[in-house]
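Here the structure is laid out as structure tokens; the discussion comes afterwards.
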2 protein chains.
Amino acid sequence: MSLRHAILVLLQDQEASGYDLAREFANSIGLVWNATHQQIYLELGKLNEQDMVKYRHIPQDGKPDKKLYRITDAGRDELIRWLRKPAAPPRIRDSFMVKIAGGALSEPSAVLRELEDQADLRRERLSTFEALAKALAERNSEKDMYTYLTLRRGILDQQAWLSWADEVRAELHKREDLPTSA
Amino acid sequence: MSLRHAILVLLQDQEASGYDLAREFANSIGLVWNATHQQIYLELGKLNEQDMVKYRHIPQDGKPDKKLYRITDAGRDELIRWLRKPAAPPRIRDSFMVKIAGGALSEPSAVLRELEDQADLRRERLSTFEALAKALAERNSEKDMYTYLTLRRGILDQQAWLSWADEVRAELHKREDLPTSA
DNA sequence: TCTACTTATTCAACGGATTGCGCAGCAATA
DNA sequence: TATTGCTGCGCAATCCGTTGAATAAGTAGA
């Protein structure tokens with residue numbers, strides 16, 4: 001659980017609606033970790049109940065009304081408290097690892113096929129991230145730095161996965177008698 | 001959701017109780033991804049209802065009775081079906097990324113301190129994994145291979161995180177005027 | 001003109017995961 | 001003797017996350 005804190009972080013800078021947050025999410029942390037708008041609205045509701053945020057109701061014409069949320073002092077306190085509290089590193093929860101263990105017992109070639117599919121996806125993601133990171137690095141602004149670092153995290157993660165895939169491929173070919181190419 | 005499939009994979013080899021599975025989990029996939037016994041018992045219950053597994057009730061003296069679960073044909077079918085179905089790569093859900101974005105706005109030094117704490121943890125985990133992997137590689141048995149690959153995944157993951165931490169450290173030092181050492 | 005997208009919020013349902021608790025008895029150790 | 005730790009199972013509550021859908025009105029494009 002840290003979506004609530006992610007929201008509080010984003011609200012530190014400016015007032016925003018749930019919709020705004022959903023978009024901002026998609027452009028920063030969400031590049032790597034996405035949250036749906038439902039989640040965000042839900043969390044905003046809870047934060048409001050707990051007086052971590054408050055909102056102004058803004059009637060609009062042409063567009064639907066919106067609620068502009070702002071962080072409160074209680075919210076800022078909670079955020080700081082959370083920042084101080086050390087967090088446990090997240091677990092890897094990759095179903096593909098299960099497939100490797102399972103596939104070897106039934107269909108090794110199917111696992112290899114999926115390995116290649118996943119690798120393609122990862123390579124694609126990698127080049128997307130690299131392009132975005134390059135663009136951000138050139139602008140070199142203070143505000144973009146966190147987005148840049150987030151992207152770097154994503155990049156290193158893809159690279160690590162791809163290296164792992166190389167090892168898995170080699171191991172499987174070594175053990176089974178499988179063709180060298182797909 | 002792939003705990004159910006992880007369980008089915010483990011049950012392919014042998015009959016096991018929930019307790020056994022919890023332990024096996026801790027020694028293979030669970031090195032990297034842990035599941036609690038509650039989750040496992042719950043999942044076994046559901047799998048049983050759906051006839052994916054069946055069990056024999058084993059009375060014991062000295063110890064509490066146990067249920068030895070075995071995979072059924074329906075379970076094996078389900079497993080194969082799942083193995084064939086391509087899965088989406090998991091998202092990175094690391095609250096530390098949120099902290100970086102948040103900490104810079106309030107207390108950069110606290111974030112750096114936690115970065116080092118996390119790095120220590122990761123380094124520890126890394127050397128544990130490396131020791132285990134080395135031992136497994138020497139035994140070089142067919143059955144250990146999947147555990148070995150799982151460990152390699154964990155190792156590469158820790159290394160990637162540590163590289164990222166180096167970048168974060170460098171970036172933060174570049175921007176803020178902070179001392180070079182902790 | 002009809003379709004599709006954007007802005008904006010919310011409800012409902014389900015399933016997965018975590019936390020906390022309880023029961024039960026044996027073995028080892030402090 | 002008292003405490004801890006291991007084997008073994010389970011319930012209940014809560015939370016987190018995903019999917020799907022509904023409502024509502026403007027605007028851009030085929």
Side-chain angles (χ1 to χ4, degrees), chain A residues 1-7 15-27 29-30 32-50 52-53 55-69 82 87-95 98, chain B residues 1-8 15-27 29-30 32-50 52-53 55-69 78 82 87-95 98:
Chain A
M1 198 253 314
S2 68
L3 179 58
R4 59 189 283 109
H5 300 106
I7 289 172
E15 255 187 336
S17 68
Y19 194 85
D20 294 335
L21 289 171
R23 248 183 329 163
E24 262 196 85
F25 229 84
N27 296 331
I29 308 169
V32 168
W33 160 22
N34 203 30
T36 61
H37 67 280
Q38 286 91 336
Q39 264 291 109
I40 290 170
Y41 286 121
L42 189 77
E43 214 57 58
L44 280 172
K46 284 187 204 163
L47 285 168
N48 185 51
E49 269 175 38
Q50 294 161 28
M52 304 283 167
V53 299
Y55 67 89
R56 299 187 292 142
H57 189 261
I58 311 283
Q60 301 186 109
D61 38 43
K63 295 175 195 176
D65 296 357
K66 63 176 165 181
K67 295 176 178 176
L68 277 186
Y69 286 89
W82 178 76
R91 292 186 183 105
I92 307 174
R93 200 171 278 280
D94 189 348
S95 59
V98 178
Chain B
M1 197 251 314
S2 68
L3 179 58
R4 60 189 282 109
H5 300 106
I7 288 174
L8 290 176
E15 256 186 333
S17 68
Y19 195 84
D20 294 336
L21 288 172
R23 248 183 329 161
E24 263 196 85
F25 229 83
N27 296 332
I29 308 169
V32 168
W33 160 22
N34 204 28
T36 62
H37 70 279
Q38 286 90 338
Q39 263 293 106
I40 289 169
Y41 287 126
L42 190 77
E43 213 58 55
L44 279 171
K46 284 186 202 165
L47 284 168
N48 185 49
E49 269 175 37
Q50 294 161 27
M52 305 281 168
V53 299
Y55 67 89
R56 296 186 295 142
H57 189 259
I58 310 283
Q60 300 185 107
D61 38 43
K63 293 176 195 174
D65 295 357
K66 64 176 166 182
K67 295 176 179 175
L68 279 186
Y69 287 88
E78 160 65 15
W82 178 75
R91 295 188 179 102
I92 307 173
R93 200 171 278 281
D94 189 348
S95 59
V98 178

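Chain A is the first sequence line, chain B the second, and so forth, proteins listed ahead of strands; every chain is numbered from 1.
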Query raised in the report: side-chain contact (heavy atoms from CB on, under 4.5 Å) with B:Glu15: which residues, sequence neighbours excluded?
Result: B:Arg56, B:Leu68, B:Arg70
Restricting both atoms to N or O, compile the protein contacts to nucleotides 21-24 of chain D shorter than 3.5 Å, with distance only.
residue: D:dA21; atom: N6; partner: A:Gln38; partner atom: NE2; Å: 3.3

Requested in this report: Not counting sequence neighbours, which residues clear salt bridge (Lys or Arg N to Asp or Glu O under 4.0 Å) with B:Glu78? List them please.
Outcome: B:Arg81
Query raised in the report: Rounded to the nearest Å, what distance is computed from the OH atom of residue B:Tyr41 to the C1' atom of nucleotide D:dC11?
Result: 14 Å
Query raised in the report: At how many degrees, to 10°, do the end axes of the helix from C:dT1-D:dA30 to C:dA30-D:dT1 meet when each uses five pairs?
Result: 30°
Requested in this report: For the side chain of A:Thr36, starting at C-beta, report the closest nucleotide among D:dT19, D:dG17, C:dT9.
Outcome: D:dT19
Report task. Identify, with sequence neighbours excluded, every residue that meets side-chain contact (heavy atoms from CB on, under 4.5 Å) alongside B:Gln60. Result -> B:Ile58, B:Lys63, B:Lys66
Requested in this report: Write down the distance between CG (A:Asn48) and C1' (C:dT10), rounded to a whole number of angstrom.
Outcome: 14 Å
**Report entry** Those residues that, when tested against B:Gln38, pass side-chain contact (heavy atoms from CB on, under 4.5 Å) (two or more places apart)
**Finding:** B:Thr36
Report task. Specify whether A:Trp82 and A:His5 have parallel, tilted or perpendicular ring planes, treating 30° as the upper limit for parallel and 60° as the lower limit for perpendicular. Result -> parallel
Requested in this report: Choose from C:dT9, D:dG17, D:dG8 the nucleotide whose nearest atom is closest to any side-chain atom of A:Lys66.
Outcome: C:dT9
Requested in this report: Take the protein atom CD of A:Glu43 and the nucleotide atom P of D:dC16, then report the distance between them rounded to whole Å.
Outcome: 6 Å
Report task. Measure the distance from CZ on A:Arg4 to C1' on D:dC15 and round it to the nearest whole Å. Result -> 11 Å
Report task. Check salt bridge (Lys or Arg N to Asp or Glu O under 4.0 Å) between B:Arg93 and all other residues, then give those that pass, not counting sequence neighbours. Result -> none
Query - Expected output: side-chain A:Asn48 to main-chain A:Gly45 donor-acceptor under 3.5 Å - result: no
Query - Stepwise side-chain contact (heavy atoms from CB on, under 4.5 Å) check, B:Leu8 with B:Val53 - result: CA-CA 8 Å; B:Leu8 290 176; B:Val53 299; 4.0 Å; yes
Requested in this report: Just compare D:dC6, D:dG10, C:dT7 and give me whichever is closest to any side-chain atom of B:Tyr19.
Outcome: D:dC6
Query - Listed partners of B:Ala87 passing side-chain contact (heavy atoms from CB on, under 4.5 Å), at least two apart - result: A:Ser95, A:Lys99, A:Glu114, A:Gln118
Query raised in the report: If you find the nucleotide of DNA chain C closest to A:Arg93 and the one closest to A:Ser17, which residue's nucleotide is nearer the 5' end?
Result: A:Ser17
Query raised in the report: Roughly, in whole Å, what's the span from CD in A:Glu49 to P in C:dT10?
Result: 12 Å
Query raised in the report: Within the structure, does a side-chain N or O atom of A:Lys67 lie under 4.0 Å from either OP1 or OP2 of C:dT10?
Result: yes
Report task. Figure out the CG/P separation between A:Leu44 and C:dT10, and round it to whole Å. Result -> 9 Å
**Report entry** Short side-chain N/O contact from B:Lys46 to OP1 or OP2 of C:dG15, under 4.0 Å
**Finding:** no
Requested in this report: Could you tell me which residues satisfy ring-ring contact (aromatic ring centres under 6.0 Å, His included) with A:Phe25, sequence neighbours excluded, listed by chain and number?
Outcome: none
Query raised in the report: Whole-Å distance between D:dT14 P and A:Gln50 CD?
Result: 15 Å
**Report entry** Nucleotide of D:dT18, D:dG10, C:dA17 approaching B:Gln39 most closely (side-chain heavy atoms)
**Finding:** C:dA17
Query raised in the report: Taking CZ from A:Arg23 and P from C:dC5, how many angstroms apart are they, rounded to a whole number?
Result: 17 Å
**Report entry** Most 5' of B:Leu68 and A:Leu42 on DNA chain D, judged by nearest nucleotide
**Finding:** B:Leu68
